[in-house]
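Both ligands and their constituent atoms are indexed starting at 1 by order of listing.
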Amino acid sequence: MTMKFLVLHGPNLNLLGKREPAIYGSQTLADINSALENLSMDLGCELSFFQSNNEGELIDAIQSAVRECNGILINPAAYTHTSIAIRDALSAVGLPAVEIHLSNIHCREMFRHTSMIAPAAIGQISGFGGDSYLLGLRALFNYVKKL
Ligand code: DQA
């Protein structure tokens with residue numbers, strides 16, 4: 001059966017392209033999603049995409065994914081550093097999740113060095129701009145294929 005993955009984008013990522021381009025690059029969210037879509041066709045998997053600025057909506061999407069998806073690619077954005085609720089949702093559904101960041105959170109402000117999400121993820125990819133998502137999809141796909 002075709003593998004299906006949920007791609008979740010957290011707050012302010014709808015502004016990519018205009019938002020602090022020196023840190024986050026010039027790609028828009030639509031550009032990133034379409035690069036992911038192209039890669040998914042090469043890999044032979046299906047993707048669904050969701051962006052929200054709202055913590056509860058991200059949690060609802062994670063809970064719904066358990067019925068439809070084999071794994072989750074998530075850039076929790078600023079919720080990375082604060083959201084025990086998103087981490088608990090990932091742990092609760094038990095789907096393999098890869099944590100994505102465009103910027104390298106470990107060489108930015110101290111408050112970005114801590115991820116609440118990381119312990120609930122199979123891995124984290126941080127610092128490669130839009131390529132972080134593509135690397136993350138490959139990693140998630142290969143991980144799930146071996147299950
Ligand atoms: C981010 C890093 C976070 O610290 C920040 O709050 C974001 C984006 C990234 O992709 O680099 O909104 O997750």
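Given atom 5 (C) of ligand 1, the protein heavy atom at minimum distance is Arg112 NH1, 3.3 Å. Considering only non-hydrogen protein atoms, atom 11 (O) of ligand 1 sits nearest to Ser103 OG, 2.6 Å. With respect to atom 1 (C) of ligand 1, the closest heavy atom belonging to the protein is His101 ND1, 3.7 Å. Nearest protein heavy-atom contact of atom 9 (C) of ligand 1 is Leu102 N, 3.4 Å.
Between the side chain of Asn53 and the backbone N or O of Asn12, at least one donor-acceptor pair lies under 3.5 Å. A side-chain donor-acceptor contact under 3.5 Å links Thr80 to the backbone of Ala77.
In terms of polar-atom proximity, His81 is counted as a contact of ligand 1, with an N or O under 3.5 Å from an N or O of the ligand.
Residue Ile105 places a heavy atom less than 4.0 Å from ligand 1. Residue contacts with ligand 1: Arg19 is included, with a non-hydrogen atom under 4.0 Å away. Put simply, no part of Tyr79 is less than 4.0 Å from ligand 1, judged by heavy atoms.
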Item to check | Full working for side chain to side chain contact (heavy atoms under 4.5 Å, CB included) between Val7 and His9 | outcome: CA-CA 7 Å; Val7 180; His9 304 284; 3.6 Å; yes
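Aromatic rings from His101 and Tyr133 are positioned such that their centres are separated by 6.0 Å or more.
Taking 4.5 Å as the limit, every side-chain heavy atom of His113 sits out of range of all side-chain heavy atoms of His81.
Put simply, the residue from Leu58, Ile117, Ile84 that forms a side chain to side chain contact (heavy atoms under 4.5 Å, CB included) with Tyr79 is Leu58.
Here Ile23 has no heavy atoms under 4.0 Å from ligand 1, in either its backbone or its side chain.
Taking both residues in full, the closest heavy atoms of Leu73 and Gly136 are given as CD1-C, 3.5 Å, listed atom of the first, atom of the second, then distance.
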